[in-house]
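The first residue of the sequence shown is numbered 1, and numbering continues consecutively from there.
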Amino acid sequence: MKNLWEISTTEYAGGKEGVMRRGNVYQLANGYMGYRGTLDEFGPAELVGITLAGIFDRVGLAWREPVNAPNGGYTRVSLDGVERSVLTSKVTRHHQTLHLASARFERETVFSARAKKLTIKSARFLSADTPNLGVIQYSVSCDKAANITIRTGIDGNIWDLNGPHLLQLAAEKREGVLLVQGVTNENAKRVLVAEAIDLNFGEETHEWQDQRNLRVIRWQAEAGQTYTFHKYFAVVTDNDLAGKPIEPAAVKMVLKAKALGHAACLEKHRAEWAKKWERCDVQIEGDDEAQLALRYSIFQLLIVAPVAGSANSIPARALSGQVYKGAIFWDTEMFMFPFFLHTYPEKAVELMRYRIKTLDGARRKARTEGPGYRGAFYAWESQETGDDACSYFNIGDPFTGRDLRTHFRDKQVHISGDVAIALWEYFKLTGDDSLLLEGGAEVILECARFYFSHAYFKKEKGRYEILDVIGPDEYHECVNNNAFTSMVAKETFVIANAMVEHLRKNQPKALRALVKKIGISRELADFREAARLLYVPAPDSKTGVIEQFDGYFKLRDDTVEELKSRMVHPNEYLGAGQGLAVPTKVIKQADVVMMLNLFKTRYSAKIKQANWEYYEPRTEHGSSLSACAYAMVAAEFGDLDFAYKYFLKTAKIDLEAKYKVYVGTVFMGGSHPAANGGAWMTAVLGFGGVQADENRVVINPRLCAQWQTFRFYLAYKGDGFRIKITKTAVTISSPSTNVRRHTMLVAGNKTECAPGASVTVKYRPTKQ
Ligand code: BGC
């Protein structure tokens with residue numbers, strides 16, 4: 001039987017492309033850093049990357065991007081004086097595995113040379129309880145007596161897209177600990193890697209060569225004997241210990257881990273992972289393919305969940321490298337946040353704290369970006385300060401090599417509303433207003449202020465309109481009345497008003513202080529008016545279709561295939577000034593359908609179906625964010641086969657790694673946490689039919705044909721529930737640790753869920 005808790009491969013070749021894709025698929029991370037799924041002997045040419053969360057750097061005019069640390073996991077081996085690597089030696093066997101339950105990467109490789117067989121095995125993890133720490137077990141054996149040399153330590157050769165970011169690279173060996181330190185180019189932040197080793201064989205000498213700080217261990221190996229050592233490496237930066245010396249901290253960390261030993265470090269790490277899975281796993285009986293793909297997607301989200309107290313968020317390519325500038329997009333709030341909110345609110349809060357932390361950046365952007373904008377205009381591509389990393393010329397044209405003007409940065413204004421909506425969802429589903437008081441309320445009001453400064457009041461029509469924007473479909477820029485954007489803006493006003501009411505009743509002092517602090521008292525009436533009078537395109541009275549933006553219906557109705565057949569270059573960008581999609585109705589990704597999903601309770605199944613049928617054939621799905629929106633809406637109106645197809649497409653995107661890696665001239669290879677979140681949403685909110693608001697949880701299951709039993713966990717208002725859905729019944733178990741009794745609406749039945757009790761409700765499955 002297939003193990004549904006691991007993925008493995010025997011592949012090791014496939015050139016740079018294969019190495020790059022496996023690096024993504026087999027990556028590990030622990031919120032603090034990512035470690036690509038590369039092999040011990042690999043270097044920058046094989047895209048080894050230890051990408052750090054929350055520390056960025058810029059070199060010259062190149063893109064600002066996250067900093068990659070020197071590789072403390074580096075090891076290479078020689079047999080009888082000749083180096084062995086999967087890249088250059090004869091490999092008789094290779095096997096590598098990613099263990100999802102314990103977040104560990106393992107490889108085993110057998111090299112053959114001169115009638116000898118050399119086996120190396122290594123296993124690594126990035127500690128889940130000590131975020132700065134990585135731990136590796138490495139073993140070597142040879143079937144015949146041999147001279148073996150191991151070089152292990154820290155590789156200071158770093159793969160960067162737009163580096164080098166670490167200057168003044170310096171190496172040291174102190175108290176048996178290897179150190180490599182560099183200083184970032186822009187902000188002079190120190191990044192230090194320390195490495196300690198636990199080894200009881202061979203002669204150790206030291207080497208600092210080619211930017212590598214290494215121990216050289218030589219010995220005469222006996223035939224069939226296995227030699228094992230353990231490596232502990234720690235990455236520490238000025239972000240961790242502002243202003244304080246970082247060397248002693250790093251040295252202490254690795255020596256402490258070494259004293260504790262590999263087994264104890266691993267046990268602590270496993271215990272943390274057991275807790276994560278206990279809560280976040282989703283179980284599907286009857287469909288192993290979906291089970292593994294969904295579990296893998298959840299794994300991808302869990303490994304990049306920000307460290308507690310860091311106020312970091314999750315970049316669009318997670319910690320799989322520097323692609324997309326390591327920036328945080330709307331992907332986080334709209335696609336990843338729901339998973340955390342419904343299963344792991346402790347991490348959801350961290351994501352929101354990041355937006356609070358970067359509010360000043362959003363204010364700066366509003367002040368500088370537009371004609372009289374005020375409030376908070378969040379960065380389209382946000383880094384540690386919240387200033388926008390997105391450039392005005394963000395995509396390289398493969399024909400001319402010149403950069404194309406895109407308006408993602410200045411016109412994709414829905415980002416502020418996406419943030420406000422997520423903040424308000426957090427309050428509604430946790431019932432906890434402390435985040436609002438910590439700065440969340442200020443964010444919401446500043447986002448409303450931004451939209452009010454952006455909106456135009458059309459006197460003749462007696463309404464506000466949001467003009468000159470880009471919706472989620474980035475192929476059509478500078479459009480008026482984009483339904484998604486207008487709806488999100490309007491919702492921001494509705495939320496601002498509801499929040500003010502909540503605070504007025506429950507936290508009047510805090511509200512008064514906030515209103516005074518940001519001088520917003522006279523604008524509150526404007527927000528109430530805008531919530532009423534902001535125009536959102538409505539469904540057509542005959543067809544039910546919502547026009548994506550003014551004039552969309554008049555565009556040329558080419559099919560996606562026709563459009564693609566006209567492409568001259570495989571990577572050409574279909575949007576921007578003269579892109580092929582611009583004069584046509586072909587859209588990049590779910591836009592109106594995304595809106596129907598986000599505001600699903602406000603539109604009927606009929607409207608959803610009409611729009612889905614209209615827009616789906618016109619959607620290129622050129623973004624990994626698209627398929628899940630179509631899947632969820634299809635589940636809403638009952639096309640479960642389609643929903644399933646697009647669920648699988650979304651859930652397998654990183655597992656299969658069959659995505660495009662270039663758009664224009666821009667390298668895009670990396671993981672897709674938004675799709676990972678989209679897979680979870682499609683499963684639990686789509687097929688599970690879970691819909692929670694401030695009043696209650698509603699469950700209207702519509703299981704796809706393949707799934708016999710579907711189990712998941714749901715966090716709500718400080719309590720948690722285990723939900724089991726079969727073809728005919730929903731069982732809700734409330735652990736005795738729950739504090740309150742909750743009333744849920746299950747398949748239309750009011751259901752009491754008391755602490756310690758389990759209740760089963762029968763339902764009639766959706767006809768297919
Ligand atoms: C999509 C955006 C998304 C970004 C990062 C783009 O291709 O169009 O919606 O935010 O990728 O994932």
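- Between D473 and K588 there is no salt bridge, since none of the side-chain N atoms of the basic residue sits less than 4.0 Å from a carboxylate O of the acidic one.
- A pairwise comparison of heavy atoms in L126 and A29 identifies CD1-CA, 3.6 Å as the closest pair.
- Judged by distance alone, with hydrogens and angles left aside, the side-chain atoms of N482 form no donor-acceptor pair with the main-chain N or O of I470 at under 3.5 Å.
- Judged by distance alone, the side chain of N68 and the main-chain N or O of D160 form no donor-acceptor pair under 3.5 Å.
- Contact record, V236 with A250: CG2-CB, 3.7 Å, taken as the closest heavy-atom pair.
- Between the side chain of Y475 and the backbone N or O of G579 there is no donor-acceptor pair closer than 3.5 Å.
- Residues H621 and Y646 are in side-chain contact: their nearest non-hydrogen atoms beyond the backbone lie under 4.5 Å apart.
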> So I136 and F105, side chain to side chain contact (heavy atoms under 4.5 Å, CB included) or not? Walk me through it.
Replying inline: CA-CA 9 Å; I136 300 173; F105 172 79; over 6 Å; no
>> If you apply the rule side-chain hydrogen bond (donor to acceptor under 3.5 Å, both in side chains), what do you find for Y35 with N71, and how did you get there?
In response: CA-CA 9 Å; Y35 194 139; N71 175 15; 2.8 Å; yes
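- Ring to ring, F329 and Y324 are close: their centroids are under 6.0 angstrom apart.
- Considering only heavy atoms from C-beta on, L404 stays 4.5 Å or farther from F393 through its side chain.
- A donor-acceptor pair under 3.5 Å is formed between the side chain of D388 and the backbone N or O of W380.
- With contacts defined as side-chain heavy-atom distances shorter than 4.5 Å, the pair L435/R353 qualifies.
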>> Please determine whether side chain to side chain contact (heavy atoms under 4.5 Å, CB included) holds for the pair M334 and L598, giving the CA-CA distance in whole Å, both sets of side-chain angles, and the decisive distance to 0.1 Å.
In response: CA-CA 8 Å; M334 291 288 109; L598 189 59; 3.8 Å; yes
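- Side-chain atoms of D210 and N157 form no donor-acceptor pair, as typed in the model, at a separation below 3.5 Å.
- Between T385 and R364, some side-chain heavy-atom pair lies under the 4.5 Å cut-off.
- A pairwise comparison of heavy atoms in F647 and A679 identifies CE1-O, 3.4 Å as the closest pair.
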>> As a quick check of understanding, evaluate side chain to side chain contact (heavy atoms under 4.5 Å, CB included) for D155 and R212, giving each step before the final call.
In response: CA-CA 4 Å; D155 187 359; R212 295 188 177 111; 3.3 Å; yes
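- With contacts defined as side-chain heavy-atom distances shorter than 4.5 Å, the pair L98/Q27 does not qualify.
- Counting only distance, with no hydrogens or angles, the side chain of N132 and the backbone of V235 share a donor-acceptor pair below 3.5 Å.
- No option in K325, R58, K357, R64 other than R64 meets the salt bridge (charged side-chain N to carboxylate O under 4.0 Å, His left out) test with E384.
- Annotation for A188 and V183: closest pair CA-CG1, 3.4 Å, computed over non-hydrogen atoms.
- The structure places OH of Y344 at 4.0 Å from NZ of K276, a figure rounded to the nearest 0.5 Å.
- Note that OG1 of T343 is 7.5 Å distant from CG of L302, once rounded to the nearest 0.5 Å.
- With respect to the salt-bridge test (charged N to carboxylate O, under 4.0 angstrom), the residues E477 and K411 do not qualify.
- Note that OG1 of T51 is 13.0 Å distant from CZ of R317, once rounded to the nearest 0.5 Å.
- Taking both residues in full, the closest heavy atoms of S624 and I653 are given as CB-CD1, 3.5 Å, listed atom of the first, atom of the second, then distance.
- Here the side chain of Q548 pairs no donor or acceptor atom with the backbone of D591 at under 3.5 angstrom.
- If you check the side chains of T237 and N239, you find no donor sitting under 3.5 Å from an acceptor.
- Separation of atoms CZ (F335) and CE (M594) is listed at 3.5 Å; rounding is to 0.5 Å.
- Under 4.0 Å is where a charged nitrogen must lie from a carboxylate oxygen, and between R22 and E46 no such pair does.
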> For Y26 and I7, what are the C-alpha separation, side-chain angles and deciding distance, and is it a side chain to side chain contact (heavy atoms under 4.5 Å, CB included)?
Replying inline: CA-CA 8 Å; Y26 286 84; I7 58 161; 3.9 Å; yes
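- Closest non-hydrogen pair, I466 versus S486, comes out as CB-OG, 3.9 Å.
- Salt bridge D397/R402: absent, no basic N to carboxylate O contact under 4.0 Å.
- The backbone N or O of F450 sits less than 3.5 Å from a side-chain atom of S453, completing a donor-acceptor pair.
- Residues S416 and T492 form no side-chain contact, since every pair of their non-hydrogen atoms from C-beta on lies 4.5 Å or further apart.
- In this structure, N185 CG and D57 CG are separated by 5.0 Å, a value rounded to the nearest 0.5 Å.
- In this structure, the side chain of R36 does not engage the main chain of G49 through any donor-acceptor pair within 3.5 Å.
- Taking the side chain as every heavy atom from C-beta outward, W680 and S297 never approach each other to under 4.5 Å.
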>> Does Q300 form a side-chain hydrogen bond (donor to acceptor under 3.5 Å, both in side chains) with D654? I'd like the steps, not just the answer.
In response: CA-CA 9 Å; Q300 291 296 324; D654 280 331; 5.7 Å; no
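- In this structure, W330 and H414 have perpendicular ring planes: the angle between them is above 60°, well past the 30° mark.
- With ring centers used as reference points, F667 lies under 6.0 Å from Y662.
- By the 30° and 60° cut-offs, the orientation of the rings of Y426 relative to F337 is tilted.
- Ring orientation note: the planes of Y373 and H454 are close to parallel, at an angle under 30° on the 30°/60° scale.
- A salt bridge is absent between R355 and D418; no separation between the charged side-chain nitrogens and carboxylate oxygens falls under 4.0 Å.
- Rounding to the nearest 0.5 Å gives a distance of 10.5 Å between OG1 of T406 and OH of Y392.
- We find that E350 and K347 are not joined by a salt bridge, their nearest charged nitrogen and carboxylate oxygen being 4.0 Å or further apart.
- Y354 and S382 share a side-chain donor-acceptor pair at under 3.5 Å.
- Judged by distance alone, the side chain of H476 and the main-chain N or O of T584 form a donor-acceptor pair under 3.5 Å.
- When only modelled atom types and interatomic distance are considered, Q589 and E474 share no side-chain donor-acceptor pair under 3.5 Å.
- Proximity of the aromatic rings of F299 and W273 is defined here by a centroid distance below 6.0 angstrom, and this criterion is met.
- Side chains of V307 and N312 form no contact here, defined as non-hydrogen atoms less than 4.5 Å apart.
- With Y451 contributing its side chain and V488 its backbone, the two residues share no donor-acceptor pair below 3.5 Å.
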